[in-house]
Protein chains: 2
Amino acid sequence: MSSSVVSLNDGRGPSATKDRILDAAEGLFMEHGFEATSLRSITAAAAVNLAAVNYHFGSKEELFQAVLTRRLDPMNQRRVALLDRFEREASPEPLSCERIIVALFVPALELARDPERGGKDFLRLLGRAYADPAPFIRRFLSEQYAQMIARFKTAFGRALPHLPKKELSWRLHFIMGALSYTLAGTDVLKLIAELNPKETSNDEILLRRLAPFLLAGLKAPLLDLSEVTREIDGALDASARR
Amino acid sequence: MSSSVVSLNDGRGPSATKDRILDAAEGLFMEHGFEATSLRSITAAAAVNLAAVNYHFGSKEELFQAVLTRRLDPMNQRRVALLDRFEREASPEPLSCERIIVALFVPALELARDPERGGKDFLRLLGRAYADPAPFIRRFLSEQYAQMIARFKTAFGRALPHLPKKELSWRLHFIMGALSYTLAGTDVLKLIAELNPKETSNDEILLRRLAPFLLAGLKAPLLDLSEVTREIDGALDASARR
DNA sequence: GTTTCGATCAAACGATCGTTTGAAGCCTAT
DNA sequence: ATAGGCTTCAAACGATCGTTTGATCGAAAC
């Protein structure tokens, strides 16, 4: 009948072994990637025994998934919750693209604002995971994102009824890709940090710039496609004839 | 005084040990990433001795750089050459954004068209390398891309004189990021391949869709920024007050 | 024919990897 | 106090890694 039923090793809840491992793994996976990060470096940073990872998580891969799911799951749930609320508020009129983008970006920004440490680390880790070739990572992310993406796709489809479904799928894919890649960038963030040392958060600046950029691409008329495509074809033909 | 001074192992030039290693490494690095690819798997796929890699390239890292530079260097040179030619043709008027984008995309498309095998593999590998956390990879790519990016930045600056330099830098970064990420995507490319089994090349389809999308973002007016940013701020404040 | 030098080979080096084992520790309930 | 549970611990397991070594081969130079 005490306060908590979970284990406690040194008397303080938040420093439990499992959480300390997750925190250390989050930072190290972000910094070096999955393959290049050893369990020994994680357990050393977390100041726990080497066997603790396999005991609590089963394997290195399951630890990685636990690191991702700890923050990714709530973030995606918050995204659809925000989208639901916006749709309720705007009902019966369809949502604007701007508000849909806001629902997509704000939960990430909340992580970038960093409740304490770790939020920004996680965003970078997520961006890197999105480009990792490991099959179990790609499978995991596909499952985690599938529902949310489908939900946003129908929302965008209502906001852009003139856009063919296929074209919308591609543009949404570009948006998620640019978002992931932007969050994964290391050099650029550090470069921005040097130029803007006093602004709130680097990830925040980045996302605020990215949102209008992607919004313009999303709302671009279909005319531009054939226009640029024709230019590309011309240049390709010219180079082929060369 | 014979035709070639380079070594030949089995009598045929194109199957020299060095090239066979590069070809095998290109495919395996793309499929599994740098860390997860062993030299033994590479030398086995190339049907050469294990020690051949260290003999010809020095180390695994140098092999990786050799794989990248073999195609990346010519591609970037072709990008600036195309840009130079377009500017000469349009002189004295400034280049349109469309044509600059074409100069950026066409060399990648030429690789996607795949002289024979390997071109598409390399594009995916390049996209993955762009998100790889390994310091030597990031350093290498920065150096390889620096000149070309600067060249295109001034070109875009001339085409968009109203756009602040800082905003342009960000948008160009988004473009390169979306391009890299798009090329790195595995699942989506396979999914597209199932839907469009008869069209020319998957990467080609992807790049043709991506170009108009990015072009719209690049040419987006600055007004949108404050507009969406205001919406984001509103949502963030509401969530903070929650 | 002898020498020479770059290329290839089998084999091993030391290091590090993820994982497992079995004993020891510690808190809870009986 | 005793028994039983999770948890932690030091130590080792087998496997695989990148790299190095020294011998062997083969074609060109003398």
Side-chain angles (χ1 to χ4, degrees), chain A residues 1-25 28-29 31-67 132-137, chain B residues 1-25 28-29 31-67 132-137:
Chain A
M1 98 225 359
S2 71
S3 61
S4 166
V5 74
V6 299
S7 70
L8 54 158
N9 51 355
D10 58 351
R12 300 303 305 268
S15 66
T17 300
K18 227 171 160 180
D19 288 331
R20 291 226 308 282
I21 292 177
L22 285 174
D23 289 337
L28 288 172
F29 279 144
E31 196 172 351
H32 306 110
F34 174 75
E35 299 281 352
T37 301
S38 68
L39 289 185
R40 284 169 174 83
S41 69
I42 294 175
T43 53
V48 301
N49 189 272
L50 169 62
V53 168
N54 287 297
Y55 176 78
H56 285 286
F57 299 95
S59 69
K60 186 185 178 185
E61 291 193 359
E62 290 172 281
L63 168 63
F64 188 81
Q65 297 185 16
V67 168
D132 201 293
F136 86 95
I137 295 181
Chain B
M1 190 219 287
S2 73
S3 61
S4 165
V5 75
V6 300
S7 69
L8 54 158
N9 50 356
D10 58 353
R12 299 304 305 268
S15 67
T17 301
K18 229 172 158 180
D19 288 331
R20 290 227 309 281
I21 293 177
L22 284 174
D23 289 337
L28 288 172
F29 279 144
E31 195 172 352
H32 305 110
F34 174 76
E35 299 281 352
T37 302
S38 68
L39 289 184
R40 284 169 174 83
S41 69
I42 294 175
T43 54
V48 301
N49 188 271
L50 170 61
V53 169
N54 288 298
Y55 177 79
H56 285 286
F57 298 95
S59 67
K60 186 185 178 186
E61 292 194 357
E62 289 172 284
L63 168 63
F64 188 80
Q65 297 185 16
V67 169
D132 200 293
F136 86 95
I137 296 180

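Bear in mind that the values here come from a model prediction, so they are computed numbers and not experimental data.
In terms of the side chain to side chain contact (heavy atoms under 4.5 Å, CB included) criterion, residue partners of B:A134 (sequence neighbours excluded) are, by chain and number, B:D132, B:F136, B:I137.
When all heavy atoms are compared, the tightest approach of B:S41 to B:S38 is OG-O, 2.7 Å.
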Next on the checklist: As a quick check of understanding, evaluate side-chain contact (heavy atoms from CB on, under 4.5 Å) for A:L22 and A:L63, giving each step before the final call.
Outcome noted: CA-CA 8 Å; A:L22 285 174; A:L63 168 63; 4.0 Å; yes

Next on the checklist: Assess the residue pair B:F34 and B:K60 against the criterion (side-chain contact (heavy atoms from CB on, under 4.5 Å)); give the C-alpha distance rounded to whole Å, side-chain angles, the decisive distance to 0.1 Å, and a yes or no.
Outcome noted: CA-CA 9 Å; B:F34 174 76; B:K60 186 185 178 186; 3.8 Å; yes

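Each of B:A51 and A:F34 lies near DNA chain C, and the nucleotide nearest B:A51 is the one positioned closer to the 5' end. When the nearest nucleotides of DNA chain D are assigned to B:S59 and A:A52 by heavy-atom distance, the more 5′-ward of the two goes with A:A52. Nearer the 5' end of DNA chain C, as judged by each residue's closest nucleotide, is the contact made by A:A36, out of A:A36 and A:G58.
At a non-hydrogen distance threshold of 4.0 Å, B:T37, B:S38, B:L39, B:R40 from residues 37-45 of chain B come into contact with DNA chain D.
With rounding to the nearest 0.5 Å, the separation of OH in A:Y55 from CG in A:N49 is 12.5 Å. Rounded to the nearest 0.5 Å, atoms CD1 (A:I42) and CG (A:L50) are 10.0 Å apart. Here the OG1-NE2 distance, from B:T17 to B:H56, works out to 5.0 Å after rounding to the nearest 0.5 Å.
In this structure, CZ of A:F57 is placed 16 Å from C1' of D:dC6, rounded to the nearest angstrom. One can place NZ of A:K60 at 8 Å from P of C:dC17, the figure rounded to the nearest angstrom. Protein atom CG of B:L50 is 10 Å distant from nucleotide atom P of D:dT19, rounded to whole Å. The separation between B:Y55 atom OH and D:dG18 atom P is 21 Å, rounded to whole Å. Rounded to whole angstrom, the span from the CG atom of B:N49 across to the P atom of C:dT8 amounts to 9 Å. The interatomic distance linking B:H32 (NE2) with D:dC17 (P) rounds to 12 Å, in whole Å. One atom, CZ of B:F64, and another, P of D:dG18, lie 13 Å apart when rounded to the nearest Å.
Proximity of A:N54 to the phosphate of C:dG18: no side-chain N or O atom is located under 4.0 Å from OP1 or OP2. Look at A:T17 and you'll find a side-chain N or O under 4.0 angstrom from OP1 or OP2 of D:dT8. Taking 4.0 angstrom as the limit, A:H56 places none of its side-chain polar atoms (N or O) nearer than this to OP1 or OP2 of D:dC6.
Under the 3.5 Å distance criterion, the side-chain polar atoms of A:T43 are matched with a main-chain donor or acceptor of A:L39.
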Checklist entry - How does DNA chain C look in dot-bracket notation if pairs are Watson-Crick or G-U with both distances under 3.5 Å, crossing ones as [ ], other-strand ones as |? => result |||||||||||||||||||||||||..|||

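You'll find the side chain of B:F57 reaches within 4.5 Å of the side chain of B:K18, heavy atoms only.
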